[in-house]
Protein chains: 2
Amino acid sequence: MLSYTEENYIKALLRLTLEKTVAGTNELAAQLGVKPATATDMLKKLREKQLIDYEKYGKISLTLEGRKKAMQVLRKHRLWETFLYEKLGFAWDEVHDIAEQLEHIQSEKLVEKLDKFLDFPKFDPHGDAIPNAEGEIKVFFTQTLSQIAVGNICRMAAVKDNSATFLQYVAQVGLSINEHIKIISKQPYDALTCIEVNGKQSNVSPKFTDNIFVVGENE
Amino acid sequence: MLSYTEENYIKALLRLTLEKTVAGTNELAAQLGVKPATATDMLKKLREKQLIDYEKYGKISLTLEGRKKAMQVLRKHRLWETFLYEKLGFAWDEVHDIAEQLEHIQSEKLVEKLDKFLDFPKFDPHGDAIPNAEGEIKVFFTQTLSQIAVGNICRMAAVKDNSATFLQYVAQVGLSINEHIKIISKQPYDALTCIEVNGKQSNVSPKFTDNIFVVGENE
DNA sequence: TAACAAAGTTAGATTAATCTAACAAATTTT
DNA sequence: AAAATTTGTTAGATTAATCTAACTTTGTTA
Ligand SMILES: [Mn+2]
Ligand SMILES: [Mn+2]
Ligand SMILES: [Mn+2]
Ligand SMILES: [Mn+2]
């Protein structure tokens, strides 16, 4: 059985290695809000438990077992977020912090009952895919709003950044999951993009458009 | 903010002091499954935090503040048990262990949303009263099945013992909350009581009847 | 009331998770 | 390739929660 802390470490590693497959000590420590020295200690422990591949001064990656365990935590996190949002009526910028705690509740049966109660959701309130009971994710969004050309229309699939400030900002612009977005123009001078959502136009930064995943208008 | 462990200590103290108002170190340690030496250390810490009244070699009691905090934990415990039972379809002997974990989730808002979602339940699946947001309980059951005279009919209000083995035994006899019970006879020789539930008769021990709270037939 | 038993405390050690300060290795720049 | 920077590790300390073994206090019994 993994401790609360160990679970947080492998979940952070999962996040870091989803794109780049390997991670570094400082990066991991930053992600978790601890000092690199602390992360080094934990890395030794996780290697001992065969959850990661790692050697001194080298790069870190999850073993198959580690990845599976991390996916289970991610599954719980996203199922609980969905519960909080769909059943209890929390806003989408409130669910993450509470799910950070709920994801550590130990009970296989609870996860499966919760999944059923929510009618086997495929996505969480932020548009992120929920791993299945085997710890697999099929859908991956790759296209961001910044990649859409002027004049085109797309649909918001998910948000990359889950921070409350960003989520509130997104909502303020009139955006939500599945909402249609038209790219009106891009300013070469200050790199802002003018988008139209439900008839309302807004100018947003590259940082903003980089953090919105989109799919084609009718996908 | 109290730690997970501190919360468990004051909850245990609440349970112990609900009837007798004071508790002893060994008793508390036994309740929590730790050694008396461990409990002594924690008692100093809880006194420091003004959650208990206690001095060396003396008896322990909760302060008003400590009692309130403990009641909040108990409230969460029972609300979560109700959720697991009512919404997720867990059996009444399965909910306690999971609620032991869920009771420590920190979020005022979550508790109130959960309460509303459950439609402000007054009792948990074991018939125990759920403290209100102010940490108060109004209803207290005092009469046990062992106190009912032969020939009388009563109704099961709650169970005193929440262990899975006892709960399964109770269900096996055909008993559940609000079920009517008729006292058929009491054997002077071996102290067994013959009860009738839904036409089915069973012989049960004093240990059994002491752990069932009842109210009058029409209360 | 002296002796014994029960209840409770203290001292000293352990484990998990964290930190700071100092050091070492690897990488990048000049 | 030497110097400088970045990255990562080690040593030593701290805090929370726990234990065992030895000791002290309180309460009971003869
Ligand atoms: Mn977490
Ligand atoms: Mn999410
Ligand atoms: Mn608990
Ligand atoms: Mn209960």
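Residue numbers begin at 1 in each chain, while the letters A, B, ... track the order of the sequences. Note that the structure is predicted; figures quoted are calculated from it, not measured.
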Worksheet item: Parallel, tilted or perpendicular: which fits the ring planes of A/Phe213 and A/Phe141, with parallel below 30° and perpendicular above 60°?
Response: tilted

Worksheet item: Can you tell me how far C1' of C/dG12 sits from CG of B/Asp41, to the nearest Å?
Response: 12 Å

Discussion item. More than 12 heavy atoms of other residues, nucleotides or ligands under 6.0 Å from NZ of B/Lys186: yes or no?
Written reply: yes

Discussion item. Measure CG/A/Leu43 against P/D/dT10 and give the value in whole Å, please.
Written reply: 11 Å

Discussion item. Between B/Thr5 and D/dA16, is there a contact of a side-chain N or O with OP1 or OP2 at under 4.0 Å?
Written reply: no

Response to the item:
For D/dA30, the nucleotide meeting Watson-Crick or G-U wobble distances (both under 3.5 Å) is C/dT1

Discussion item. Under 4.0 Å, heavy atoms only, any strand: does A/Thr38 hit a base, just the sugar-phosphate, or nothing?
Written reply: base

Worksheet item: Rounded to the Å, how far apart are A/His104 NE2 and C/dA16 C1'?
Response: 16 Å

Worksheet item: Rounding to a whole Å, what distance do you find between A/Lys44:NZ and C/dT15:P?
Response: 16 Å

Worksheet item: Does the side chain of A/Asp128 come within less than 4.5 Å of A/Phe123's, by heavy atoms?
Response: no

Practice prompt. Anything under 30° is parallel, anything over 60° is perpendicular, the rest tilted; go ahead and classify B/Phe117 against B/Phe83.
Written response: tilted

Item to complete: For A/Leu28 and C/dT18, give me the distance from atom CG to atom P, rounded to whole Å.
Response: 11 Å

Discussion item. Below the 4.0 Å mark, does C/dT10 have OP1 or OP2 next to a side-chain nitrogen or oxygen of B/Thr40?
Written reply: no

Worksheet, complete the sentence: Between A/Ala37 and A/Glu6, whichever has its closest DNA chain C nucleotide further toward 5' is A/Glu6

Worksheet item: Taking only residues two or more places apart in sequence, or in another chain, which ones meet B/Asp93 in a side chain to side chain donor-acceptor pair (under 3.5 Å)?
Response: B/Gln168

Worksheet item: Would you say D/dT9 has OP1 or OP2 under 4.0 Å from some side-chain N or O of A/Lys35?
Response: no

Practice prompt. Using atom CG of A/Leu46 as one end and atom P of D/dT9 as the other, report the distance to the nearest whole Å.
Written response: 13 Å

Response to the item:
Taken to the nearest whole Å, CD/B/Glu48 to P/D/dA16 is 12 Å

Item to complete: Calculate, to the nearest 0.5 Å, the distance between atoms CD and NE2 belonging to B/Glu103 and B/His96 respectively.
Response: 7.5 Å

Practice prompt. Strictly below 4.0 Å, heavy-atom distances to any atom of DNA chain D: list the hits from residues 49-60 of chain A, or just say none.
Written response: A/Tyr54, A/Lys56, A/Tyr57, A/Lys59

Worksheet entry | Whole angstrom value for the distance that separates C1' of D/dT18 from OH of B/Tyr4 | 15 Å

Worksheet item: Are A/Lys44 and A/Glu55 close enough for a salt bridge, meaning some N to O gap below 4.0 Å?
Response: no

